[in-house]
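Report on the following structure.
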Amino acid sequence: MFEIQANKTIQEKLHILADAAKYDVACTSSGVDRKGKEGMLGNARSCGICHSFASDGRCISLLKILMTNHCIYDCKYCVNRVSNDVKRATFTPEEICELTIEFYKRNYIEGLFLSSGVIRDPAYTMEQICITLQLLRTKYRFNGYIHVKTIPGAPDELLAAAGFLADRISVNLELPTAESLKKLAPNKSFQTIMTPMGKVRDTIAETRTLIGKDARMERSLGNRYLPGSIFGKEQLRLTGAQSNGDGSLWKKAASFAPATQDTWKPRAFAPAGQSTQMIIGASDESDYMLVQTTQKLYQNYDLKRVFYSAYIPVNEDSALPALETPVPLLREHRLYQADWLLRYYDFKVDELLTKDRPDFNIYLDPKCDWALRHLEYFPVEINRADYHTLLRVPGIGAKSASRIVKARRMNKLDFSDLKKIGVVLKRALYFITCSGRMMYPTKLDEDYICRSLIADRTQIPREIREAGYQQLSLFS
């Protein structure tokens, strides 16, 4: 089993391992420690709780922890690397289960986000993660959301087991090129990351087809068997003692939770899909390279999300930015905006950036920046333009574009109508007309519009602006 620190309480472990988990981004941590105040509702705790968002827009609170911050690897960018002298702790599978259930009972969380350093070897670490998930789903009968970060290099059957037990799987790319990975994470390789990512993609597709096309086949699998042929087995038995070769994985899990016929119900493999993470600023790739990698990942691996993590200088190393280097939060924000354009606005990478212009303008969001460089497409007539043309207008989102198309079937729209619909007119007014008229006389000039847009303080998020970003004057 895990190394157990007898001198540490669960609360002390939680403080260490929740803090260590803040560098894994697949959701937004609260990051604050705020007590309750008279006349106000609620409080905030810095350790352990993060937020994710469901497809219907609901905010879901997750317990976000590492299983252990012990690690045999020496990735240069990681605070938990083996060569760092930091406080270490390890949860046992039972402790994670108890924490999850106790947090859930108190309505603090709705699910679990579990990652880990590599202890002993990838197979052992992934085995402990699978035991934890098996216990949660069986002994504790936890039916909530679970997002698990997998360990590159772990055996296929363990990755498959995690996929059937968790809702979302992450295989972290960390760095966008093989060269950067070799330089900053010598214990990892592109092959150990991309190969399981491809297997997860194929198995998600296989189980969706199986369950979707033949419900009787799903029922015939019973409570024990689910498809896993892509991982090298005809059937993967979750409650037996076969999936780890010598049976050690599920024998250990069974010692906590003996399998019964009603313990587990068949489910799809990673029903919430898979995601990955890239670190921004630890290596010298351009935005163009990062977004190109993102587009290929969406096209080739059917990812739900690519997450970006602005590199926080925590280690002193000649291969890394200096410790005093500012955290590239605004760059991270622009990359997320570009990611949104790729997924929902029909943009392609080569439209947003080029080799000659490889980085985003941090003072303008990518959509505004694109529009300024393509003024030949503007102004757009609101009462005639099709949906896809409207999507490309700054200040018009997917919902407002859809509302415009529906509303103008009844009457011609004017600027007051657009405001009610939800169009951000202080951005859109330079690029649109209503019945051939602009909101007020303005020049369709790149420099003029750029100055006006930069003056809009909402171009830079408040939390980033307050962290030290200042608006450039016209004479800077």
>> Using the rule given for ring-ring contact (aromatic ring centres under 6.0 Å, His included), can you reason through Tyr336 versus Tyr308, listing the C-alpha separation, both sets of side-chain angles and the distance that settles it, and then say yes or no?
In response: CA-CA 7 Å; Tyr336 273 120; Tyr308 304 100; 5.1 Å; yes
> Should Glu94 and Tyr140 be marked as a side chain to side chain donor-acceptor pair (under 3.5 Å) after you check the CA-CA gap, both sets of side-chain angles, and the distance that decides it?
Replying inline: CA-CA 10 Å; Glu94 279 281 4; Tyr140 293 90; 2.4 Å; yes
> Are Glu206 and Lys199 close enough, and set up right, to give a salt bridge (charged side-chain N to carboxylate O under 4.0 Å, His left out), and what steps lead you there?
Replying inline: CA-CA 10 Å; Glu206 180 189 28; Lys199 291 179 177 179; over 6 Å; no
>> Please determine whether salt bridge (charged side-chain N to carboxylate O under 4.0 Å, His left out) holds for the pair Lys183 and Glu179, giving the CA-CA distance in whole Å, both sets of side-chain angles, and the decisive distance to 0.1 Å.
In response: CA-CA 6 Å; Lys183 179 182 177 182; Glu179 293 76 15; over 6 Å; no
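The structure places OG of Ser116 at 8.5 Å from CG of Leu17, a figure rounded to the nearest 0.5 Å. The CD1 atom of Ile169 sits 6.0 Å away from the CG atom of Leu159 when rounded to the nearest 0.5 Å.
The residues Asp287 and Arg357 are annotated as not salt-bridged, no charged nitrogen and carboxylate oxygen being separated by less than 4.0 angstrom. Using a 4.0 Å cut-off between a side-chain N of Lys or Arg and a carboxylate O of Asp or Glu, Arg334 and Asp365 do not qualify as a salt bridge. Checked for salt-bridge contact, Arg392 and Glu351 meet the test: a charged N lies under 4.0 Å from a carboxylate O.
A donor-acceptor contact shorter than 3.5 Å is absent between the side chain of Thr325 and the backbone of Pro321. One N or O on the side chain of Thr276 and one on the backbone of Leu173 form a donor-acceptor pair closer than 3.5 Å. Proximity of a side-chain donor or acceptor of Arg137 to a complementary backbone N or O of Phe142 within less than 3.5 Å is detected.
Heavy-atom contacts from other residues, nucleotides or ligands closer than 6.0 Å to CD of Glu316 number 12 or fewer.
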